[in-house]
Amino acid sequence: MNKDGIKAGDRVDLSELINLFDVEKMAERTMSKMAYEYVASGAGDEWTLRWNREALDAIKLNPTVLTDVSKLDTRVTLFGYELPYPILIAPTAYHKLMHPEGELATARGAGAASAVYVVSSFTTTPLSEIAEVATQPLWFQLYVRDDRELTKELVQEAEAHGCRALCITVDTVVTGIRNREQRANFTLPNNVLTPHMPGALREQKPLTWKDIEWLQSFARTPVLLKGILNPADAEKAVQSGVSGIIVSNHGGRNLDTVPATIEALPRIAEAIDRRIPVLMDGGIRRGTDVVKAISLGASAVLVGKPVCFGLACAGAEGVTKVLEILRTELELAMALTGKANLASLDHSVIWR
Ligand SMILES: Cc1cc2nc3c(=O)[nH]c(=O)nc-3n(C[C@H](O)[C@H](O)[C@H](O)COP(=O)(O)O)c2cc1C
Ligand SMILES: CC(C)CC(=O)C(=O)O
């Protein structure tokens with residue numbers, strides 16, 4: 001129970017949650033200090049964490065009027081599968097820290113909102129159980145373990161449970177310096193286990209392009225690299241044969257002072273030149289943010305912290321609410337921008 005007398009898992013009045021910032025405020029009241037700090041904080045002095053938002057806010061939109069937007073189409077096809085709208089749940093660890101139902105609630109919430117849920121390697125619920133309740137596609141986020149045989153088994157397990165894509169996180173050879181997390185004495189409670197990653201994340205310093213080759217030699221699902229910021233790495237990713245990349249700075253949680261993802265995105269999109277899909281995450285909180293990301297070259301975006309906060313506020317319903325708010329805002333932003341489908345969102349939508 002926290003200072004407001006609300007405890008994690010208590011239901012909150014969903015009608016109070018008008019936008020994603022409300023969700024965070026409400027979550028702060030329901031979560032333990034330690035859990036909130038774990039989710040909300042960034043690395044170092046949190047420059048990148050702030051820049052993710054500030055850079056999105058600083059971009060102005062250039063609307064077109066008198067176009068027919070009576071039939072909005074937000075569908076996008078990724079790796080042969082059609083999504084009704086281009087917003088996915090980013091992989092985040094430890095959902096039982098946020099809500100007693102943990103990843104099961106996330107999967108149910110994603111299902112109700114027709115969204116893809118990218119399950120973290122650090123799930124606190126076994127994949128088998130998540131797969132049982134999921135009604136929408138799951139993807140799997142992979143942290144490559146020291147033991148490559150166990151890594152291979154984990155990939156195969158994820159595929160056996162129906163995960164349709166594999167996102168290999170490449171920006172976390174070590175985790176960032178997270179001072180707020182340290183100050184809040186972040187430790188995982190004894191009853192919160194990570195069945196697919198026993199023990200903490202060990203350093204992944206030997207992870208190289210050779211491992212990406214190796215992973216692709218047996219992966220049966222599309223492989224994406226999550227955590228690309230450098231256009232030269234984007235080119236190497238294409239050369240390595242992966243199916244997609246996620247432009248990400250890990251939500252500002254790893255290397256502080258790297259640029260906002262929305263700033264890196266256009267350069268990476270230019271380097272990739274539509275050869276493979278480019279996804280993006282980091283600071284997406286408004287429908288207009290999604291419009292900006294798609295206009296600057298993303299095929300779809302992922303949201304991390306807002307989903308954790310929605311989960312903390314109201315379990316599955318909170319997760320659904322976050323996605324529905326963002327989806328509705330995206331539709332309104334497209335209508336007001338004068339663009340009826342995602343294909344028509346391009347650089348002309350950005351005010352120069
Ligand atoms: C609480 C939390 C846990 C995370 N855990 C993981 C993880 O296990 N694996 C991973 O690749 N990224 C992880 N991330 C990063 C997210 O996948 C994503 O890149 C980031 O949160 C996007 O930015 P946003 O939170 O501003 O939407 C985590 C982020 C948060 C906030
Ligand atoms: C267990 C952590 C390494 C999960 C993570 O990626 C994060 O907290 O950002």
Side-chain angles (χ1 to χ4, degrees), residues 8-9 27 31 35 38-39 78-79 81 83-84 87-145 150-169 188-189 191-201 215 219-224 226 246 251 279 281 300 302-324:
M31 296 169 87
Y38 168 64
V39 176
L78 286 177
F79 316 117
Y81 186 84
L83 281 59
I87 303 168
L88 296 83
I89 297 186
T92 50
Y94 309 148
H95 287 191
K96 281 192 186 161
L97 203 63
M98 297 149 207
H99 191 276
E101 290 163 22
E103 288 79 5
L104 294 183
T106 314
R108 289 196 184 99
S114 305
V116 168
Y117 165 27
V118 187
V119 180
S120 165
S121 278
F122 280 98
T123 170
T124 49
T125 309
L127 271 169
S128 54
E129 293 177 26
I130 302 174
E132 259 176 45
V133 303
T135 55
Q136 289 291 316
L138 299 173
W139 292 7
F140 187 67
Q141 174 268 327
L142 181 75
Y143 273 128
V144 176
R145 299 174 57 168
L150 287 179
T151 301
K152 183 172 179 181
E153 281 172 23
L154 181 53
V155 169
Q156 290 172 337
E157 193 175 350
E159 289 177 344
H161 289 302
C163 292
R164 296 193 191 194
L166 197 62
C167 302
I168 303 168
T169 299
L188 210 52
N191 60 343
V192 175
L193 304 174
T194 53
H196 300 289
M197 289 295 271
L201 181 67
L215 282 156
R220 290 165 47 228
T221 45
V223 167
L224 290 85
K226 174 174 183 283
I246 305 177
L279 281 70
D281 70 23
L302 302 90
V303 276
K305 287 178 274 286
V307 171
C308 298
F309 293 136
L311 176 64
C313 286
E317 286 175 62
V319 170
T320 304
K321 180 90 183 189
V322 162
L323 292 162
E324 282 177 350

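Only a predicted model underlies this, so the values are computations on that prediction, with no experimental measurement involved. Counting from 1, the numbers follow the sequence of the chain as shown.
Residue Q156 holds its CD atom at 12.0 Å from NE2 of H161, rounded to the nearest 0.5 Å. Summarising the geometry, atom CD belonging to E103 is positioned 9.5 Å from atom CG belonging to L127; distances are rounded to the nearest 0.5 Å. Atoms OG1 and CG, from T123 and L193 in turn, are 11.0 Å apart once rounded to the nearest 0.5 Å. Atom CD1 of I246 and atom CD1 of I168 lie 10.5 Å apart (nearest 0.5 Å). Separation of atoms OH (Y38) and SG (C308) is listed at 7.5 Å; rounding is to 0.5 Å. Summarising the geometry, atom OG belonging to S128 is positioned 7.0 Å from atom CD belonging to E157; distances are rounded to the nearest 0.5 Å.
Under the 3.5 Å distance criterion, with hydrogens and angles disregarded, no donor-acceptor pair is assigned to the side chains of H95 and T124.
What you find for V322 and G310 is that their closest heavy atoms are CG2-CA, 3.9 Å. Across all non-hydrogen atoms, the minimal contact from T125 to I130 is O-CD1, 3.6 Å. When all heavy atoms are compared, the tightest approach of A27 to C313 is N-SG, 3.5 Å. Across every non-hydrogen atom of A35 and L97, the tightest pair is CB-O, 3.8 Å. Minimum heavy-atom separation, A93 to M98: O-CE, 3.3 Å. Across C167 and K226, no two heavy atoms sit closer than the pair CB-CB, 4.5 Å.
The closest side-chain heavy-atom distance from L166 to V155 is below 4.5 Å. Contact annotation: the side chain of L311 never approaches that of E101 to less than 4.5 Å [non-hydrogen atoms, C-beta and beyond].
Side chain of T320 to backbone of A316: a donor-acceptor contact under 3.5 angstrom is found. The backbone N or O of R145 sits less than 3.5 Å from a side-chain atom of T151, completing a donor-acceptor pair. Checking side-chain atoms of K96 against main-chain N and O of N191 turns up no donor-acceptor pair under 3.5 Å.
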Which pairs would a plain distance check flag for residues 132-141, meaning a side-chain donor or acceptor within less than 3.5 Å of a matching protein atom at least two apart in sequence or in another chain?
from	atom 1	to	atom 2	distance (Å)
Q141	OE1	S120	OG	3.4
Q141	OE1	S121	N	2.9
Q141	NE2	T169	OG1	2.9

Q: Would you please test L88 and L279 for side chain to side chain contact (heavy atoms under 4.5 Å, CB included) and show each step?
A: CA-CA 10 Å; L88 296 83; L279 281 70; 4.3 Å; yes

Q: Apply side chain to side chain contact (heavy atoms under 4.5 Å, CB included) to L142 and V223, showing your working.
A: CA-CA 10 Å; L142 181 75; V223 167; over 6 Å; no

Q: Walk me through it: do M31 and F309 pass the test side chain to side chain contact (heavy atoms under 4.5 Å, CB included)?
A: CA-CA 9 Å; M31 296 169 87; F309 293 136; 3.9 Å; yes

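Considering L302, V118, T106 as possible partners of I89, the one that fulfils the side-chain contact (heavy atoms from CB on, under 4.5 Å) test is T106.
Figure legend: R164 and Y81 shown as a cation-pi pair, the cationic atom lying under 6.0 angstrom from the six-membered ring centre and within 45 degrees of its axis.
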